[in-house]
Amino acid sequence: METVREWLNALRTGECSARDAVTTALERIRTVDPQLQAVIAIDPERALAQADTIDRQRAGGEDPGPLAGLPIGIKDVICEKDVECTCASQILKGYRPPYDATVITMLRRAGAIPVARLNMDEFAMGSSTDHSAFAITRNPWDTNRIPGGSSGGSAAAVAARMLPCALGSDTGGSIRQPAALCGVTGLKPTYGRVSRYGLVAYASSLDQIGPLALTVEDIALLLPHLAGHDPHDATSANLPVPNYPAALFQDLRGVRLGVPKEYFIAGLDPAVETAVRSALHLFARNGADCVEISLPHTEYAIATYYIIATAEASSNLARYDGIHYGWRAPESTTLDEVYSHTRRRGFGEEVIRRIILGTYVLSSGYYDAYYLKALKVRTLIRQDFTRAFDTVDAIVTPTSPTPAFALGEKLNDPLQMYLSDIFTVSVNLAGIPGLSVPCGFSPDGLPIGLQILAKPFDEMMLLRVGHAWQQLTDFHLRRPPVCATSFSRPTTHA
Amino acid sequence: MPDFAPVIGLEVHVQLNTATKMFCACPNRFGDPPNTNVCPVCLGLPGALPVPNAAAIEAAVKAALYLNCSVSSFSKFDRKNYFYPDLPKAYQISQYDLPIGTRGSLEIEVSGTTRRIGITRIHLEEDAGKLVHAPGASLVDLNRAGTPLLEIVSAPEIFSPEEAYAYLSSLRLLMLYLGISNCNMEEGSLRCDANISLRPAGSSTLGTKVEIKNLNSFKGVQKALAFEIKRQSSLLATGTPIVQETRLYDAATDKTLSMRSKEEAHDYRYFPDPDLVPMTFSPEYLARLRDNLPETPQHRAQRFVSAFGLSQYDATVLTSDPALASYFEDTIAAGASPKLAANWIANNLLSALHQTSTSIGACKIRPPQLAALINLVETGTLSSTSAKTVVFPAVFEKGIDPNAVVAEMGLAQVSDTTQIDQWVVDAIRANPDVLDSLRKGKVKAVAKLVGSVMQMSRGKANAALVSQRIAAILKDMHGIEISG
């Protein structure tokens with residue numbers, strides 16, 4: 001019982017009650033998480049209470065929803081009413097939101113049970129999950145390595161089979177990159193496809209919530225319960241939600257796949273390049289048309305991203321001032337001291353670095369040269385994709401230039417860390433959807449991810465290509481060493 | 001001492017009276033207990049997102065059109081970043097380079113001269129919360145946070161404190177006509193900051209400007225500006241440069257005091273709010289709003305003069321409040337003669353409202369009742385004196401039907417000639433000396449007959465008719481001519 005489909009089957013057939021499901025997930029967390037530290041907090045009572053409600057509904061003949069009883073992990077950046085939400089930051093220690101994010105409301109309505117708050121880089125800023133104020137999450141494939149980030153807790157928890165699925169958020173690759181580095185499947189939906197209401201903002205024009213799971217099929221099962229218009233989010237798209245699982249019944253024949261030449265660059269790990277190239281051969285052998293394309297503004301993506309994201313972050317994170325909620329530096333006497341001490345000590349180094357960067361690029365005299373210029377380049381990057389999608393149905397690239405790097409390796413070299421987002425940030429700048437699926441292993445046994453991109457709101461194409469890929473391969477089913485033996489049966493309690 | 005001429009610009013904030021706040025569904029209401037009209041959005045909680053209030057945007061566009069602004073098809077919201085405890089997100093959602101309206105104008109009249117004052121821009125933003133300072137602690141009330149606010153910035157084309165007063169009065173009246181704000185300065189739904197600089201009379205370059213805040217009434221604006229003109233003139237006269245600064249007006253002393261100098265000015269780091277999508281206005285939408293704008297106060301006053309024959313003065317008084325003007329029109333619609341209605345409203349009604357501090361909206365005597373009262377006098381059923389001294393006060397106080405008052409108190413005039421003739425004959429009979437006096441040419445003696453008739457009728461005889469009948473009977477029965 002590992003994939004969402006397996007869990008749902010067990011729950012539907014009655015082989016496993018919702019209480020069993022929650023108990024199982026909690027037990028796996030207790031067993032595995034001490035080695036990984038993917039989980040920030042659990043609230044067993046709360047999860048079990050929801051499970052009991054579902055079991056009662058089912059017993060009474062009511063339909064408790066299509067995801068009834070499914071345990072899910074929540075990145076600690078998405079608000080759940082009355083549940084501590086820290087964004088892995090000291091500054092939000094003890095903060096309990098008085099409301100549910102729209103995705104939480106939707107998941108609960110479908111019967112899913114949030115069981116754990118998952119670790120991340122502080123305020124989703126980072127690509128390693130070692131920028132958490134509370135714990136360093138480890139990669140289930142090699143606990144001396146990072147799981148990727150910022151949704152590293154989500155990716156590690158799913159990879160280690162603690163939970164069948166988790167929510168992450170992706171601003172520049174924060175779902176796809178850790179999914180790739182942990183060998184799981186992760187989707188960043190189109191900007192506007194999933195409501196951001198209740199997602200603590202890092203960079204509002206780039207942030208998007210998405211699911212992580214073991215298979216594309218699982219993603220297709222979850223997405224209908226995340227996607228859709230939300231009147232509480234002015235940037236959410238008022239478009240119908242397609243029947244995503246239907247994408248699983250289509251094969252690769254006739255699909256035109258674009259391979260951007262700018263993504264095969266110096267610095268691309270040879271194992272990653274080999275894995276992606278062999279993926280392309282396999283796609284071609286199974287009926288897809290692989291053509292080389294050009295995304296000419298790719299080289300500006302990192303710079304553009306770090307200007308726009310930090311500019312928005314500097315404003316979004318200004319509210320953590322020690323006045324209204326969260327942590328306040330204790331010995332401050334004046335208002336200015338409350339602000340400066342709280343923020344200096346409440347935020348970690350990477351967050352402070354990005355706030356300062358963002359403040360700088362928006363400052364009078366620098367705005368035109370940095371922020372305004374970045375907005376213009378963003379338009380060019382978006383146009384690159386629009387043009388590419390005139391001739392191809394999907395674009396295939398590596399997700400990350402390298403497999404997982406060692407803990408602390410890039411902690412003191414932020415530029416190197418920023419470069420690990422090189423293949424993912426353009427997608428956020430363009431607002432298009434992106435999926436990462438496992439596509440191989442490095443000689444060290446570390447997972448490698450393949451990124452599939454499509455037109456805005458064409459998640460169907462991602463699911464179609466990704467699922468077809470997983471029908472041809474089994475990388476997504478391999479287990480990391482921390483859970484070498486399969487968790488086959490649910491834990492049942494008398 | 002050389003002559004210095006002031007150049008004044010006014011920045012007015014008008015709170016819109018929409019049912020809900022600018023970016024959330026909280027009630028937009030003044031006077032509730034602190035922090036009761038709040039939600040994750042206006043509290044600025046992490047993860048909450050703003051959704052613009054369509055009614056507020058429409059009110060802003062209407063205001064821009066009413067103030068003759070050009071409204072472009074595209075507008076957007078920007079973030080203005082600064083730290084202050086009454087600003088929970090540490091940024092205010094406002095508008096920077098693409099405001100709703102630009103290049104408008106407003107007509108003012110000062111001592112008989114009409115001038116057009118330019119309006120530089122009009123934009124929509126959210127209000128901040130309020131700080132309440134107690135001993136040893138400052139408390140934050142966020143009920144006001146997120147209230148829709150219109151900022152209207154005049155061009156530096158106001159040249160005297162009197163013009164500033166006229167500008168504010170005129171602007172307030174227009175907002176009241178549009179019905180988009182209560183414009184109540186005590187409740188803060190209309191607020192004003194003033195910028196003023198002085199330059200040698202005749203010069204065309206601008207001097208160093210000073211901003212005045214804490215202006216809590218139109219008279220206060222006028223007084224603060226007058227003080228500033230004196231203060232800056234005497235500094236300039238001695239060659240002392242003016243410091244660019246913000247000054248606070250103290251209503252108790254009518255003086256302004258330095259608050260902070262501009263060196264500490266903020267860099268607000270404006271940038272487009274990524275949580276909100278730009279606003280677009282189609283030509284059809286703008287045309288529809290423009291076609292449905294209310295008549296301006298000036299037009300309405302003009303119409304009152306031409307259509308109802310009112311004096312310019314009465315027309316101006318009646319249009320000084322849209323509710324009053326509507327009251328007047330409703331009274332006419334209920335059948336009263338326009339001129340009589342204007343007299344009654346401008347004199348009796350307004351003074352009664354004033355004495356009882358009642359607003360026209362809360363006034364108990366409604367237009368149909370006032371029309372009925374006016375008609376009772378006009379048809380002679382009620383004497384003008386009784387109407388003013390007895391019936392009007394009763395109806396004003398209780399909001400009852402004037403006919404009922406007249407009936408209940410037996411105030412109906414007797415206009416029946418047979419009855420009046422009988423009283424006249426009786427009066428002549430009872431006062432034989434009057435005939436002698438009249439024959440001697442003492443015309444004033446008639447008053448005795450009138451008094452006698454009134455006494456017999458207990459004041460109810462129609463006075464005009466009584467005089468008329470006395471003259472007729474004296475002539476017909478006694479051959480005495482008193483008229484002419």
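Throughout, protein chains are lettered first and strands after them, A, B, ... in sequence-line order, and every chain is numbered starting at 1.
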**Fill in**
Counting heavy-atom pairs under 4.5 angstrom with chain B, the leader among Leu375(A), Thr102(A), Leu362(A) is Leu362(A)

**Request:** Search all heavy atoms of Gly44(B) against all heavy atoms of Tyr325(A) and return the closest pair with its distance.
**Result:** O-OH, 3.0 Å

**Message:** What part of Pro52(B) gets within 4.5 angstrom of chain A, counting heavy atoms only: side chain, backbone, both, or neither?
**Reply:** side chain

**Heavy-atom closest pair, residues Arg79(B) and Ser204(A)** = NH2-OG, 3.7 Å

**Request:** Compare every heavy atom of Arg196(A) with every heavy atom of Leu49(B), then report the nearest pair and how far apart it is.
**Result:** CD1-C, 3.7 Å

**Message:** Does Lys373(A) have more than 12 heavy atoms from other residues, nucleotides or ligands lying within 6.0 Å of its NZ?
**Reply:** no

**Request:** Examine whether an atom of Tyr99(A) lies under 4.5 Å from a heavy atom of chain B, and if so say whether it belongs to the side chain, the backbone or both; otherwise answer neither.
**Result:** side chain

**Message:** Tell me if the CZ atom of Arg353(A) is crowded by more than 12 foreign heavy atoms within 6.0 Å.
**Reply:** yes

**Message:** Do Ser340(A) and Phe83(B) make a side-chain contact, defined as non-hydrogen atoms from C-beta onward lying under 4.5 Å apart?
**Reply:** no

**Side-chain donor/acceptor of Asp267(B) to backbone N/O of Ser364(A), under 3.5 Å** = yes

**Message:** Does any backbone or side-chain atom of Tyr191(A) lie under 4.5 Å from a heavy atom of chain B? Answer side chain, backbone, both or neither.
**Reply:** side chain

**Fill in**
In short, Thr235(A) meets Leu276(B) closest at the heavy-atom pair CG2-N, 4.4 Å

**Message:** So if I take each residue of residues 309-319 of chain A and look for any heavy atom under 4.5 Å from a heavy atom in chain B, which residues do I end up with?
**Reply:** Ala311(A), Glu312(A), Ser314(A), Ser315(A), Asn316(A), Ala318(A), Arg319(A)

**Prompt:** Taking everything shown except Tyr96(B) itself, do over 12 heavy atoms lie less than 6.0 Å from its OH?
**Reply:** no

**Request:** Among the options Leu45(B), Asn81(B), Val277(B), pick out the one with the most heavy-atom pairs lying under 4.5 Å from chain A.
**Result:** Leu45(B)

**Fill in**
Honestly, the part of Tyr366(A) sitting under 4.5 Å from a heavy atom of chain B is neither

**Asked** Heavy-atom distance under 4.5 Å between the side chains of Val41(B) and Tyr197(A), does that happen here?
**Response** yes

**Request:** Under 4.5 Å heavy-atom distance to chain A, tell me which part of Pro85(B) shows up: side chain, backbone, both or neither.
**Result:** both

**Request:** Test Val140(B) against His324(A) for side chain to side chain contact (heavy atoms under 4.5 Å, CB included), laying out the working first.
**Result:** CA-CA 9 Å; Val140(B) 187; His324(A) 296 95; 4.1 Å; yes

**Prompt:** What part of Asp275(B) is in contact with chain A, defined as an atom under 4.5 angstrom from a non-hydrogen atom: side chain, backbone, both or neither?
**Reply:** both

**Complete:** What one should report as the nearest heavy-atom pair of Ala234(A) and Pro50(B) is CB-O, 3.9 Å

**Complete:** Applying a strict 4.5 Å limit to non-hydrogen atoms, the region of Leu335(A) in contact with chain B is side chain

**Item:** Phe271(B), part contacting chain A, at a heavy-atom distance under 4.5 Å
**Value:** both

**Prompt:** Can you say whether Thr359(A) sits under 4.5 Å from chain B via the side chain, the backbone, both, or neither, judging by heavy atoms?
**Reply:** both

**Request:** Answer with side chain, backbone, both or neither: which region of Ile323(A) has an atom nearer than 4.5 Å to a non-hydrogen atom of chain B?
**Result:** side chain

**Asked** Contact part of Tyr82(B) toward chain A, heavy-atom cut-off under 4.5 Å: side chain, backbone, both or neither?
**Response** neither

